[in-house]
Structures are given as C-alpha cells and as structure tokens.
Number of protein chains: 2
Amino acid sequence: MVKVTVTENEARYLKLIYRKQVEDGSLVGTTDLAKWLRVRPATATEVIQNLSRKNMLKYRPYHGVELTGKGIREARKLLRKHRILERLFFDFLKYDVRRSCAEASKIDYHASMDFINDICRAYGHPDQCPCQKTIFSDPLCEKRR
Amino acid sequence: MVKVTVTENEARYLKLIYRKQVEDGSLVGTTDLAKWLRVRPATATEVIQNLSRKNMLKYRPYHGVELTGKGIREARKLLRKHRILERLFFDFLKYDVRRSCAEASKIDYHASMDFINDICRAYGHPDQCPCQKTIFSDPLCEKRR
DNA sequence: GGAAAAATTTAGGATTTACCTAAATTTAAG
DNA sequence: CTTAAATTTAGGTAAATCCTAAATTTTTCC
C-alpha cells in the first residue's frame, strides 16, 4: 500500500467533483469541470485521467466521472479542511463569504489535519461552513454531542 | 513595474539566506545552501541564478550571495508569516518548537498577509518567534507600543 | 609561483505538472 | 443515417526541480 498523493491542482478537481456530484447530485463531465475551472476541455480530461490512474474516480470516456470510495474520502478530508478554515475566516476574522472561501482555498491543501482539528475544537466543532455546507468529521477530532 | 513572484522553493532559499546572512552574519555560498536544503550543489546554483535574475540577490559566482533590498524585504515578509504562524502553533496549539516550525513551513508561503496580521493582532503583536528570532512588523498591522 | 586538490559552475538530461491547439473519434440531433 | 456537437487523443510548450559528468575556478601547499 503505497500512499498515493494528489497534487494541489488535482485536489481542486476533487473538491469540485464532490460538491457537484455528491452534494448537488448532478452528473459531472470533463467539459463541466473545464468550464468551472476555466481551462480547455482537453486539459480537464487529462487531469481526470490522472485522478483515474490514482483510483480516485471511475472515468467513462464521453460519459462522465464518478468518485470512488477512496476519492470520496479524499474529497471529504479536503473539504473538511476547506470549510473549517472558512469558518475561521468568516466568524473569527470577519471576512465575507467570498473572501473566506478564497483565503481558505489558498491554504486548505497545505494545512495538516491536526491543525484543522485544533481550530475545530477551538471554535466549538462547527458542523457547517458559512454557506451551510456540511463540515465532515474527523476521527481524531472530539465527537460532537 | 511588473510584480515578480518567487516560487515556494525559491522562498525556502530566501528565508534560509536571510537567517544565515543577515541574522547570523555569515557569508552564504551555494554549497552551504545545498547542504542545508539537501540538494546537490549544482541544484542550489541553479536556484540562486533564478533568484538573481529576479533581483532578489547579487550572485558572485564562486564567491557567494548577498540579498538585495528587494530580497531582504521579500525574506522579511516570508519570515514574518513563518514566525507569526510559529507563535500560533506554539502558544495556542501547544506544539513544540520543532513541530511549530514544520507546520508553519507548510503554510507560510500560502497565507495572505491579512490573515497573518489578524493572527498577530489576536495574539497581542508578539515580537519574537518561539526561538527568540525577531518577528518583523507590517505597515498594515497595528503598531506596537 | 605554480601544480595538484578541492570547490563550484556549466552543460545536458530526466521527470512532473499544467496548460494549449488541431485532428480524430464518439455521441447526439434531426 | 448523416451531420453537427461534444469529447478525447496526439503532439507540443513551458516552468520547476532535481540529477550526473565535464569544465572551470579557487585554494592549498610545496
């Protein structure tokens, strides 16, 4: 079991796919991703193929993409980090929603889960980000009542 | 005036050069850098040449390196971020010095100065990191008495 | 001072990531 | 079932990192 890592850019795709596919229930294709991330469709296809090689998703060419269990776990970790950071920026530092998201995006990928868990504890284990999306729990972070 | 940016890796070099040259007063050569950063001398030379092209330092081949005003300003910004984050990890989250430094290193480059300034205010404008190095001030962060 | 040893840089590559355009292929529309 | 639209493949570019081996410069020391 070699640890497979995902690049920062791939992480962006993963977070987006999770939001669209799992949270919004929509089918996600490479062209949608390209549009959202402002790259050419061919570029999105390439990244998707890499994520597929890393077993983060199942890719059916011409049809779309579906996260695997591994991909879902990875996306949730990333989104937990992102959303905890959003809460920090929004509640504590009083940034607006947009800016909270932007600042969180810059560091979520780089923050260790321990750091995130410490913020989570310090701010009372919030369970939603500023835009009401779920903040996933982490086994190492104290349970909520 | 085009904004010149430094990569995350180049930032590592810059921080290190500042600490050694300005704070410790030692002459810094490419081979020293290579040793500290665990790369081959040829690799360090290459990075130094890039930093030189970006006017962050003066490079005299075979002799050593000297930060320019621009390089010093950039290094101080980076070290301010790094050291404020160290304080956060050390004081607030109770990490030890080593780990505080490690965690800070992962995100210092990516954190906006606004975020850093907010942490700085929240923790009473500390002027030293956990290992007693100076935390440089920022014009947008409330003055200390 | 100059030759040999040591340190440093240059030259030339390899790999990875991320992006693009144009051509081919597949799907979808009528 | 043919054509239009969407999507992927093929083939490139560019920037970052890193490396080894060969050249060059500096240092050491007779």
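Each chain gets a letter, A, B and so on, in the order its sequence line appears, and its residues count up from 1. Just so it is clear, the model here is predicted, and its values are computed rather than measured.
- Note on ring orientation: taking the six-membered ring where Trp is involved, the planes of B/F89 and A/F115 are perpendicular (angle over 60°, cut-offs 30° and 60°).
- Judged by distance alone, the side chains of A/E103 and B/S112 do bring a donor and an acceptor atom under 3.5 Å apart.
- In terms of modelled atom types and a separation under 3.5 Å, the side chain of A/R60 and the main chain of A/V65 share no donor-acceptor contact.
- Residues A/R76 and A/Y18 bring a donor and an acceptor atom of their side chains to less than 3.5 Å of each other.
- Listed for the A/R83 side chain is a donor-acceptor partner under 3.5 Å among the backbone atoms of A/T134.
- Near DNA chain C, meaning a heavy atom under 4.0 Å from it, residues 32-46 of chain B has B/P41, B/A42, B/T45 in order of number.
- Here chain B contacts DNA chain D (any atom closer than 4.0 Å to a heavy atom, that is under 4.0 Å), and the contacts span D/dA16 to D/dT26 from 5' to 3'.
- Spacing between atom CD of A/E8 and atom C1' of C/dT16 amounts to 15 Å, rounded to whole angstrom units.
- C/dA18 atom C1' lies 14 Å from atom CZ of A/R53, rounded to whole Å.
- Between the side chains of A/D118 and B/Y95, at least one donor N or O lies within less than 3.5 Å of an accepting N or O.
- Looking at B/K81, its side chain never comes within 3.5 Å of a backbone N or O of B/Y109 through a donor-acceptor pair.
- What separates CG of A/N50 from P of C/dT15 is a distance of 16 Å, to the nearest Å.
- Between the A/T68 side chain and the A/M56 main chain, a donor and an acceptor come within less than 3.5 Å of each other.
- Judged by closest nucleotide on DNA chain C, A/E10 is the one of A/P61 and A/E10 placed further toward the 5' end.
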